[in-house]
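Reviewing the structure listed below.
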Amino acid sequence: MLDKKYNAKEKEEKWLNYWRDEKIYEFKPDEREVFSIDTPPPTVNGKIHIGHIFSYSQTEMIARYKRLRGYNIFYPFGFDDNGLPSERLVEKEQGKKAHEIGREAFSKLCYETTDKYEAEFQELFTRLGVSTDWNIHYKTVSPKTIKISQSSFLDLVKKGHCYHKESPALWCNECLTSIAQAELETKKVKTTFNYIKFKTVEDGEEFVIATTRPELLPAIVSVFVNPDDLKHKHLIGKTAHIPIIDVEVPIMADELVDSEKGTGIVMCCTFGDQTDIYWWKKYNLELKYIFTEDGRIKDEILNYGGLKIKAARKKIIEDLQEAGYVLKIEELEHEVQTHERCGTEVEYSVMKQWFIDIMNHKDDFLKIGESINWYPSHMQTRYNEWVSNIMWDWCISRQRYFGVPFPVWYCENCHDPIFANLTDLPVNPLVDKPKIQKCPKCGGTNFRPETDVMDTWATSSVTPLINMRYGEKDNYEAILRPMSLRSNASEIIRTWDFYTIVKSFYHFQERPWNNVMISGFVMANKGEKISKSKGNSKAEPIDLINEYSADVIRYWAGSGRLGTDITFSEETLLRGKKLINKIFNVSKFIEMHLADFQDKEFTNYEYIDKWILARFQDMEKGFLKYLDEFEVGLALNHLEKFFWNFCDDYIEIVKHRLYRPEEFGSEPRYSGQKTVYIILYKLLQDFSIFFPYITEEIYQEIYHDKKSIHLTEIKELNFNFGQEKEFGNIIVDIISIVRGEKSSNNLSLKTEVTNLEISAAKEIKETIAKAKKDFQATLFVKNLKFKEIESGFKITKIELLKDNEKI
RNA sequence: GGGUGAUUAGCUCAGUUGGUUAGAGUGCUUGCUUGACGUGCAAGAGGUCAUAGGUUCGAGUCCUAUAUCGCCCACCA
């Protein structure tokens with residue numbers, strides 16, 4: 001027997017233990033088709049918030065759905081623990097910078113810290129009822145995954161898609177590392193727009209260039225104007241004299257110059273921005289790199305050497321003003337590119353870095369994107385936008401400590417890279433030595449290890465490879481190429497999705513997954529994103545689960561359309577709470593009436609029973625269709641709507657028949673029993689996708705034909721009750737009208753209707769006649785009369801037994 | 001500035017291919033001790049579907065602008 005009241009806390013713990021002990025979610029390859037899910041390994045940066053619950057829940061529900069459809073679910077969880085996010089977390093907790101702590105000690109701290117947070121994550125996701133097999137979970141910095149990341153790197157090198165080159169790269173002088181385009185974030189900054197006077201060498205003509213970065217004057221290599229700019233056209237071909245720095249550079253023409261911006265004349269420095277780099281490459285300009293790694297002017301620059309960038313800017317403006325070269329200074333607020341991990345303005349550095357070729361294969365990446373189903377479909381447009389507009393090859397080396405090391409040494413003599421053997425992976429070049437004695441190129445015998453580590457995306461982009469145990473003997477390539485589903489929020493389409501596609505293309509020339517589902521964000525209030533700085537995250541996830549139960553939290557997380565933002569709302573939680581309570585109570589009611597029930601072949605259903613079976617069958621079709629499109633929230637909504645109607649309409653009708661066989665007959669009662677038996681089973685299955693705990697509790701009590709409801713299979717009903725579905729609704733409509741009559745007279749719904757006259761078309765009349773007993777019992781009608789009319793129906797007479805008349 | 005999505009009841013959201021009087025929950029008001037559930041049941045009030053044009057016999061739904069918001073990108077001249 002089900003308890004009088006459902007104790008979520010106690011039951012959730014009970015079933016969690018049961019699922020674990022019985023290995024309900026274990027993955028073992030068998031004869032079933034595999035449905036595999038590539039779910040984001042959360043970045044371990046200390047923050048767990050309700051946003052995590054939201055996006056992971058919806059994917060988890062898909063796993064449960066596919067499991068109920070008979071698929072063998074491969075659904076591993078991972079943690080993305082290497083790289084800058086973890087490093088910055090440790091730096092913050094320690095109050096010290098990585099280089100102050102030292103490489104080895106720092107790495108150790110990183111491991112300890114990420115372990116601690118990963119345990120918290122695992123606890124949370126377990127409590128939430130995430131049906132993953134924790135035996136196949138992974139970390140992006142374990143020996144196994146390091147091996148895969150390294151062999152992925154070596155494969156790309158071998159295939160010529162990965163190169164080591166001195167090239168301009170984005171540089172963060174706070175984190176002291178190069179970064180990738182995808183790690184940029186724009187930020188509004190107040191600065192000054194400085195109009196500086198230049199002169200031509202040939203005829204001393206004065207012209208003005210406006211710049212926000214006068215400290216780059218020593219780095220100017222050329223001046224550009226637009227070739228169609230009538231005002232400045234005549235300058236082309238002449239030579240510009242740079243004030244104070246006293247250097248002469250050519251004045252050149254390029255279409256990229258916008259003659260409307262500033263004064264229409266641009267200085268090209270190496271490097272101020274991306275256009276500078278573009279021109280530097282295009283016109284083969286000189287390189288004048290004037291910054292140090294930690295954001296200072298190089299010592300050899302006269303007057304400004306050693307100064308921090310901003311100090312140098314201030315000083316050079318003062319010097320220019322003093323010498324009369326400044327026409328005017330305007331206040332300006334503009335957006336600059338900053339490093340997303342620390343908020344520092346980025347610079348460009350010229351160092352040897354490892355790059356993965358992106359620019360030469362954009363079309364291939366677009367083609368791969370085309371071959372994937374994106375849900376919702378407009379997310380593909382975002383992907384295409386990003387790929388089409390990307391301007392850099394992917395810089396994957398980071399001058400940091402906690403990451404996957406490059407399996408590379410360099411010959412001290414000729415500086416050629418020496419690569420580790422595949423069979424020796426994983427290697428740490430700082431500890432391990434190359435297996436060869438001599439440099440194959442020059443015969444040098446001294447080697448220098450690569451100290452850089454890989455970017456975090458370089459390693460998280462191999463999650464499909466990690467999942468398929470790439471390079472291992474007993475791998476899953478056969479079943480996971482491609483994987484069935486990738487799921488993540490829209491903000492990392494440009495990083496995680498894109499980079500995974502890049503790697504998959506280079507390794508296998510194919511898409512990494514068949515489907516991508518993209519979720520929205522959790523908003524604190526309408527139009528307000530949850531952020532730590534605003535402190536508007538309403539509650540800690542684990543507290544919410546303790547307060548409301550995992551099933552209720554999942555109700556909230558499962559609502560809303562795919563790809564659409566969701567607001568955190570107590571009202572939705574309340575709604576979920578009520579729904580779950582109702583599921584439990586109606587199950588209790590049904591269990592009570594199934595005490596003497598034996599399941600056997602039966603076809604002689606009562607009219608109303610046929611009606612509800614047909615309606616369920618119809619509803620489930622739509623329900624499954626939504627889920628096949630990964631629209632978890634719409635599916636739940638659809639199911640919920642049916643469920644309340646089932647309770648309020650159908651159960652209210654059938655209850656009389658269930659309670660009083662002596663009045664209604666035992667076969668009509670059996671019809672009702674069989675109907676609720678079938679529908680509750682299927683409702684529980686459908687709801688189990690969202691509410692794994694309470695549905696298991698009820699299922700085990702009433703049905704238990706399998707070890708768990710989560711191991712059952714959804715089989716669609718196949719009744720053919722067209723007429724009943726349509727006309728049954730009319731009965732419910734009439735019931736509603738009569739109830740309304742009672743309600744507006746402030747009477748109990750049990751009030752007897754002494755006389756009821758319904759005028760109706762022939763077929764409606766006949767329909768009601770078929771369900772006459774149910775109908776009369778539901779409304780407590782004593783005398784029922786019909787009048788036949790042309791079409792439709794209306795109530796032409798209704799007499800209620802009022803309380804005073806009763807006495 | 002470019003791309004993309006959103007804007008529907010006080011609040012949180014549904015609304016399939018354009019087709020009667022626009023739906024649900026919550027909140028508010030009123031009633032009902034109905035043998036599963038008061039975390040319930042029944043009913044009521046509440047919307048010029050962001051704004052302005054257009055297409056159409058007919059627009060919440062399609063088109064064009066505008067506004068506001070979210071996400072992504074571009075703006076260091």
Side-chain angles (χ1 to χ4, degrees), chain A residues 2 4-5 181 184 186 189 191 193 195 208-213 216 223-226 256-268 272-276 332 334-337 345-346 376 378-379 381-386 388-391 489-494 518 520-521 523 526-529 556 559-561 563-572 574-593 622 625-626 633-634 637-638 640-641 644 647-648 651-652 655-656 659-660 736 739-751 780:
Chain A
L2 288 165
K4 189 157 170 34
K5 262 200 153 158
Q181 188 182 348
L184 295 177
T186 52
V189 164
T191 185
F193 210 21
Y195 289 76
V208 178
I209 295 180
T211 178
T212 56
R213 303 207 54 186
L216 282 168
V223 167
F224 281 95
V225 297
N226 192 295
L256 274 187
V257 180
D258 181 349
S259 36
E260 301 300 315
K261 260 191 206 172
T263 61
I265 309 175
V266 192
M267 56 192 216
C268 172
D273 65 10
Q274 283 181 30
T275 322
D276 290 347
L332 178 76
H334 70 160
E335 299 210 333
V336 294
Q337 290 181 320
E345 287 181 44
V346 297
H378 67 258
M379 291 299 176
T381 317
R382 294 203 182 183
Y383 171 80
N384 290 345
E385 276 294 307
W386 172 257
S388 314
N389 293 324
I390 199 160
M391 300 178 67
S490 57
E491 62 181 352
I492 53 173
I493 292 173
R494 64 175 173 150
I518 304 289
F521 292 96
M523 316 290 279
K526 214 168 193 170
E528 186 189 336
K529 208 182 157 187
W556 165 76
S559 62
R561 290 203 66 144
T564 307
D565 297 339
I566 183 174
T567 312
F568 179 75
S569 119
E570 301 267 356
E571 281 149 14
T572 308
L574 179 67
R575 185 175 172 173
K577 208 170 150 184
K578 287 185 173 183
L579 172 59
I580 283 161
N581 184 55
K582 191 75 172 179
I583 293 172
F584 191 74
N585 278 310
V586 81
S587 301
K588 245 168 51 185
F589 173 83
I590 289 172
E591 183 189 28
M592 197 167 85
H593 291 286
K625 187 169 167 271
Y626 280 133
L634 298 184
N637 201 279
H638 190 66
E640 183 183 0
K641 203 170 165 185
W644 284 101
C647 293
D648 297 341
I651 293 288
E652 286 305 319
K655 73 198 310 183
H656 304 278
Y659 273 121
R660 299 194 297 275
S736 176
R739 280 176 173 175
E741 193 63 29
K742 290 179 182 181
S743 187
S744 57
N745 282 294
N746 290 350
L747 292 169
S748 156
L749 295 183
K750 278 187 99 175
T751 304
F780 301 90

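Chain letters run A, B, ... following the sequence lines, proteins first and then strands; every chain starts at 1.
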Value in whole Å for how far the P atom of B:C71 lies from NE2 of A:His378: 14 Å
Go through the structure and list residues passing salt bridge (Lys or Arg N to Asp or Glu O under 4.0 Å) with A:Glu345, not counting sequence neighbours. A:Lys310
Contact class for A:Glu571 vs. all strands (heavy atom < 4.0 Å): base, sugar-phosphate, or nothing? base
Under the rule for side-chain contact (heavy atoms from CB on, under 4.5 Å), what residues qualify as partners of A:Leu574, not counting sequence neighbours? A:Lys578
Could you measure between the two P atoms, the one in B:G54 and the one in B:G2, and give it in whole Å? 25 Å
So what does A:Val346 hit on the nucleic acid, given a heavy-atom distance under 4.0 Å: a base, only sugar-phosphate, or nothing? base
Close N or O pairs between protein and nucleotides 38-42 of chain B (under 3.5 Å):
unit_1	atom_1	unit_2	atom_2	d
B:U39	O2'	A:Asn581	ND2	2.5
B:G40	OP2	A:Lys578	NZ	3.4
B:G40	O3'	A:Lys582	NZ	3.0
B:C41	OP1	A:Lys582	NZ	3.2
B:C41	OP1	A:Asp648	OD1	2.9
B:C41	OP1	A:Asp648	OD2	3.4
B:A42	N3	A:Ser743	OG	3.1

Can you sort out the partners of A:His638 under side-chain contact (heavy atoms from CB on, under 4.5 Å), two or more places apart, ordered by chain and number? A:Met619, A:Phe623, A:Tyr626
So A:Ile651, base contact, sugar-phosphate only, or nothing? Heavy-atom distance under 4.0 Å. base
Is the distance from the ring center of A:His378 to that of A:Tyr383 below 6.0 Å? no
With sequence neighbours excluded, tell me which residues meet salt bridge (Lys or Arg N to Asp or Glu O under 4.0 Å) with A:Glu652. A:Lys655
Secondary structure of RNA chain B per the Watson-Crick/G-U criterion (both distances under 3.5 Å; [ ] crossing, | other strand, . unpaired) is (((((((..((((.....[...)))).(((((.......))))).....(((((..]....))))))))))))....
Starting at the 5' end of RNA chain B and moving along, which residue's nearest nucleotide shows up first, A:Met592 or A:Met379? A:Met379
Would you say a side-chain N or O of A:Thr191 is under 4.0 Å from OP1 or OP2 of B:C76? no
Give A:Val586 one of three labels, base, sugar-phosphate or nothing, depending on what nucleic acid heavy atoms sit under 4.0 Å from its own. base
Excluding sequence neighbours, so at least two apart, what forms side-chain contact (heavy atoms from CB on, under 4.5 Å) with A:Asp648? A:Lys582, A:Trp644
Contacts of A:Leu256 meeting side-chain contact (heavy atoms from CB on, under 4.5 Å) (sequence neighbours excluded), chain-then-number -> A:Asp254, A:Thr275, A:Tyr278, A:Trp279
Looking at residues at least two apart in the chain, or sitting in another chain, which of them share a salt bridge (Lys or Arg N to Asp or Glu O under 4.0 Å) with A:Glu591? none
Rounded to whole Å, CH2 of A:Trp556 lies from P of B:U12 at a distance of 14 Å
